[in-house]
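So the structure is just underneath, and the comments pick up after that.
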Amino acid sequence: MKREAESFIGKFLAILLTISVVFVFISIGLMGFIGVIKVGSYYDLVYVDLYPSKISNVFYFAWLFILIYITLVFIEIIVRMLMKSWDIAQSLKKNIVSYSIQIFIGIISIKILIDHYFNRVEVSFLGVSLGVFILYLVIFFSSGGHKGIDDLEE
């Protein structure tokens, strides 16, 4: 099934997302996780104190990413349940409001989570903001939340 964006904004956002995702996958493939950390530390977005053994690093970061994922899913469930209980229709504008609320709560929650429980990782507020925004941008387009983009042009 072919999905088509029906407006200039939809096409522009789809192209921007595609280029971003391709760039991220190519950069991760070329540099690896350690390279991404080095780039983040160069721009003062993240500082990571690695363990001497690779297996310890794998478990540490796997646990970090699992908790971030669980946090974002939990926030999405709560916001979706609140929107459904308040009988808010699922239009594009409501999806954008929903994702905006989720991004705001997600940034604060993940920053607190990392600061309190992961002492080997220091992430700036801008680093957490960029990470959460990119995650929700991917979720927004992959879930079909961008459908009805023409509503914004009215």
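Put simply, OH on Tyr60 and OG on Ser53 are 13.5 Å apart, with the number rounded to the nearest 0.5 Å. Rounded to the nearest 0.5 angstrom, Ser129 OG and Phe133 CZ are separated by 10.5 Å. The line from CZ of Phe74 to CD1 of Ile105 is 10.5 Å long, rounded to the nearest 0.5 Å. With rounding to the nearest 0.5 angstrom, the OG atom of Ser20 is 4.5 Å from the CG atom of Leu16. Note: Leu130 CG to Phe125 CZ = 10.5 Å, rounded to the nearest 0.5 Å. For the atom pair Thr71 OG1 and Ile108 CD1, the distance stands at 13.5 Å (nearest 0.5 Å).
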Passes side-chain contact (heavy atoms from CB on, under 4.5 Å), Ile110 versus Leu72? Steps please.
CA-CA 9 Å; Ile110 291 172; Leu72 294 179; 3.7 Å; yes
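No continuous path of hydrophobic side-chain contacts links Ile70 to Phe59 [ILVMFWY only; heavy atoms under 4.5 Å]. At a threshold of 4.5 Å between side-chain heavy atoms, the hydrophobic network of Ile, Leu, Val, Met, Phe, Trp and Tyr places Ile15 and Leu13 in two separate groups. Hydrophobic clustering (ILVMFWY, side-chain heavy atoms < 4.5 Å, transitive): Leu45 and Tyr42 are in one cluster. There is a path of hydrophobic side-chain contacts, each under 4.5 Å, that joins Tyr117 to Ile107. Under the 4.5 Å side-chain contact rule for hydrophobic residues, Trp63 and Leu135 share a cluster.
Here the side chains of Phe61 and Val121 are in contact, with some heavy-atom distance below 4.5 Å. Looking only at side-chain heavy atoms (C-beta outward), Ile75 and Tyr136 come within less than 4.5 Å of each other.
Taking a 6.0 Å sphere around CZ of Phe65, one finds it holds more than 12 heavy atoms contributed by other residues, nucleotides or ligands.
A side-chain donor-acceptor contact under 3.5 Å links Asn57 to the backbone of Tyr51. Checked by atom type and distance alone, the side chain of Ser124 pairs as donor or acceptor with a backbone atom of Gly127 at under 3.5 Å. Side chain of Lys111 to main chain of Val123: a donor-acceptor pair is present (N/O by atom type, distance under 3.5 Å, no hydrogens or angles). A donor-acceptor pair is defined here as one N or O able to donate and one able to accept, closer than 3.5 Å; such a pair exists between the side chain of Arg120 and the backbone of Asp49.
Here the closest non-hydrogen pair linking Leu67 and Phe118 is CD1-CZ, 3.7 Å. In terms of heavy-atom proximity, Val132 sits nearest to Ile103 at CG1-O, 4.0 Å.
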